[in-house]
Colleague: 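The following block contains the structure, expressed as C-alpha cells.
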Amino acid sequence: MKELNYDILIIGGGFGGATTAWHLANKGLKILLIDSKPWNRIGDKPCGDAVSKEHFDNLGMPYPEGEQLEQKIEGIKIYSPDNETSWKVEGEGFEINAPAYTQRLLKEAQNRGVEVLDLTTAMKPIFEDGYVKGAVLFDRRSNQQLEVRTKLVIEATGYSMSFRSKLPKELPITEELDEKDSDIAYREVGFTKDDIEDAGYLKIFINQKASPGGYWWYFPKGKNKVNVGLGIQGGMGYPSIYTFYQKFLNDYAPDLEKEKLIVKGGALVPTRRPLPTLAWNGIIVVGDSAYTANPVHGGGKGSAMISGFCAAKSALNAFETGDFSANSLWGTNLCYIERYGAKQASLELFRRFLQKLSDDEINYGMKRRVIREEDLLETSLKGDFQLSVVNKAMRVISALGKPSLLFKLKTVAEYMKKIKEIYNEYPSSPEDLNKWKARVNDTLLNFDQAIK
Ligand SMILES: Cc1cc2nc3c(=O)[nH]c(=O)nc-3n(C[C@H](O)[C@H](O)[C@H](O)COP(=O)(O)OP(=O)(O)OC[C@H]3O[C@@H](n4cnc5c(N)ncnc54)[C@H](O)[C@@H]3O)c2cc1C
C-alpha cells in the first residue's frame with residue numbers, strides 16, 4: 001500500500017471541513033483534504049441553505065457572492081399551528097448555493113497550498129499508542145488504497161460520523177447519537193408558479209401534526225425558486241418523512257411546481273449539545289459529526305464554521321508546541337463552548353420543552369404573546385431564556401389561567417440557566433471530563449423529570 005505523510009488530514013469537504021482548510025491554509029503546514037464526492041458535488045447535501053450573516057462577520061469569512069448567493073435574507077416569519085398568528089423576527093442572512101460557496105472556500109484553500117482529493121474516502125483510522133496517527137484511504141480514481149500518516153486528523157464527515165465511529169468505543173470522542181436527539185429532515189428545491197411575495201423573508205410553520213417535533217420551512221431562493229421541506233423528531237416511530245411531505249406539501253408550498261424540481265433529498269440533523277469533547281489524542285472533530293447544529297432550528301452551517309475556526313486555531317497552537325495530545329488540543333473545546341456550545345446545551349433543553357407542547361399550547365402562547373418575538377430572538381441568539389421574561393409571562397398566564405404551562409416555563413428558564421453555568425465551568429483539561437459529564441447528564445435527567 002502506498003504510504004504518504006502529511007501534517008494534517010481533513011476528512012470531509014462540507015461546510016465544516018472547507019472552513020477548517022480555509023483557516024489553516026498558507027500557514028506552512030502540509031495539509032490534505034479528502035472527500036468521497038466528486039469535486040462538482042462537494043457541499044451538495046440536503047439542506048435549507050439559510051445561514052445567518054453574523055457567522056461570516058464573527059469568523060472573518062467572505063460573504064457568498066455571485067452564483068453562491070441566491071437570496072439576501074432580512075428576517076424570518078414564524079406561523080402558529082392554526083396560522084392565526086405570525087411573528088416577524090428581523091435578522092440578516094443569506095440563502096446560499098451551498099456547493100458553489102463550499103467549492104469557493106476549497107479553491108481558495110487549494111490556491112494557498114492545501115491539497116484536495118475528491119472521490120477519496122477515509123476507510124479506517126490508524127490508531128496507535130492511544131493516538132490517531134492517520135487513516136487508510138481509498139482513492140476511487142486510481143482504485144487504490146493509500147496509507148496517510150499524520151500528526152493531526154480533522155474529522156468533518158457530517159452526520160455520517162464515518163471516521164470517529166471506528167475509533168475504540170472507550171474514547172469520549174466516539175459518543176453516539178440518541179435518535180431522539182436528532183431531526184430527520186427532507187427538502188425539495190424547485191420553481192414556483194408565481195413570483196414569491198416578500199422573498200427576503202424565510203417562513204417557518206409550526207404544527208405538531210404536519211411535522212411532529214420539528215417544523216416546515218419555505219425558504220425563497222430568489223423571486224421564483226424555493227427550498228421547501230420539513231424536519232421531524234427522530235427515534236419516535238413516526239411514519240416516514242416522505243409520508244408527511246406528500247400529505248402536507250400543499251398546505252405549505254402550494255405554488256411549488258412539482259414537475260420542475262431541481263433537487264430533492266433528506267438527511268439527519270443532530271439537535272443536541274456538542275460532543276463532550278471535540279478533541280482527543282491526534283484528532284479534532286468538527287461540524288455535524290461533533291453535533292454542532294442548533295438544537296432548536298437545526299441550522300448547522302454557521303456552527304460547523306465556528307467549530308472549524310476553533311479547530312484551526314487549536315491545531316496551529318499544537319504545531320507550535322509539537323504536542324498533539326488531547327490536553328494540547330483542549331483549546332478547541334474552550335473556544336467552541338464559549339462561542340456556541342454553551343448556548344447549544346441550553347437550547348437543547350428549550351428544544352426538549354418545545355417538542356412536548358401541543359398545537360393548542362403553541363397557538364395560545366403565540367397569540368397571547370406569552371413570550372414575545374424579541375424574547376424568542378434573544379433566546380435563539382444567546383440561549384438565555386431570562387427569568388424576567390418568564391415573570392412577565394407569569395402575569396399574562398396567571399390572568400388567563402394556564403398554571404401548568406406557567407410552571408413549566410419557569411422550570412425551563414431555571415434549567416437553561418443552570419446548564420449554561422455548567423458549560424461555563426467546562427474542565428480545563430481532559431482529566432476532569434467524566435466528572436463534568438456526569439453533572440451534565442444528571443441535569444438532563446432531572447430536567448426531563450421536571451417537565452414530564
Ligand atoms: C434537510 C436539511 C435542512 C437543513 N437546513 C439547514 C439550513 O437551512 N441552514 C443551516 O445552517 N443548516 C441546515 N441544515 C444542517 C446543515 O446542513 C449541516 O449542519 C451542515 O451542512 C453540516 O456541515 P458538515 O460540514 O459538518 O457536514 P456535511 O456538509 O455533511 O459534509 C460532510 C462531508 O464529508 C464527506 N465524507 C463523509 N464521510 C467521509 C469519509 N469517510 N471520507 C471522505 N469524505 C467523507 C461527505 O461526502 C461530505 O461532503 C439542514 C440539514 C438538513 C438535513
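Note that ligands are numbered from 1 as they come in the structure, with each ligand's atoms numbered from 1 the same way. Quantities reported herein were computed from a predicted structural model and do not represent experimental measurements.
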Colleague: Could you tell me, for ligand 1, which of its N or O atoms are under 3.5 Å from any protein N or O, listing the pairs and their distances rounded to 0.1 Å?
Modeller:
from, atom 1, to, atom 2, distance (Å)
ligand 1, 5 (N), Gly48, N, 2.6
ligand 1, 8 (O), Gly48, N, 3.4
ligand 1, 8 (O), Asp49, N, 3.1
ligand 1, 8 (O), Ala50, N, 3.1
ligand 1, 9 (N), Ala50, O, 2.8
ligand 1, 11 (O), Ala50, O, 3.4
ligand 1, 11 (O), Gly300, N, 3.1
ligand 1, 11 (O), Lys301, N, 2.9
ligand 1, 12 (N), Gly300, N, 2.9
ligand 1, 17 (O), Lys45, NZ, 2.8
ligand 1, 19 (O), Asp288, OD1, 2.6
ligand 1, 19 (O), Asp288, OD2, 3.3
ligand 1, 21 (O), Lys301, NZ, 3.0
ligand 1, 25 (O), Phe15, N, 3.1
ligand 1, 25 (O), Gly16, N, 2.8
ligand 1, 26 (O), Asp288, N, 2.8
ligand 1, 34 (O), Ala156, O, 3.4
ligand 1, 38 (N), Ser162, OG, 2.8
ligand 1, 41 (N), Ala122, O, 3.1
ligand 1, 41 (N), Ser162, OG, 3.0
ligand 1, 42 (N), Ala122, N, 2.9
ligand 1, 44 (N), Ser36, N, 3.2
ligand 1, 44 (N), Ser36, OG, 3.2
ligand 1, 47 (O), Asp35, OD1, 2.7
ligand 1, 49 (O), Asp35, OD1, 3.3
ligand 1, 49 (O), Asp35, OD2, 2.6

Colleague: Exactly one of Lys343, Gln344, Arg272, Arg352 should register a side chain to side chain contact (heavy atoms under 4.5 Å, CB included) with Pro295. Which one does?
Modeller: Gln344
Colleague: Which one of Phe244, Trp217, Tyr245 satisfies the ring pair (Phe, Tyr, Trp, His ring centres under 6.0 Å) criterion with Tyr186?
Modeller: Tyr245
Colleague: List the residues meeting side chain to side chain contact (heavy atoms under 4.5 Å, CB included) with Ser328, not counting sequence neighbours, and say none if there are none.
Modeller: Ala318, Thr321, Asp323, Ser325
Colleague: Please check if the number of heavy atoms outside Glu92 that lie under 6.0 Å from its CD is greater than 12.
Modeller: no
Colleague: Which is it for Gln208 and Tyr215 under the side chain to side chain donor-acceptor pair (under 3.5 Å) test, yes or no, and what are the steps along the way?
Modeller: CA-CA 8 Å; Gln208 298 283 30; Tyr215 61 86; over 6 Å; no
Colleague: With Asp7, which of Lys30, Lys151, Lys27 fulfils side-chain hydrogen bond (donor to acceptor under 3.5 Å, both in side chains)?
Modeller: Lys151
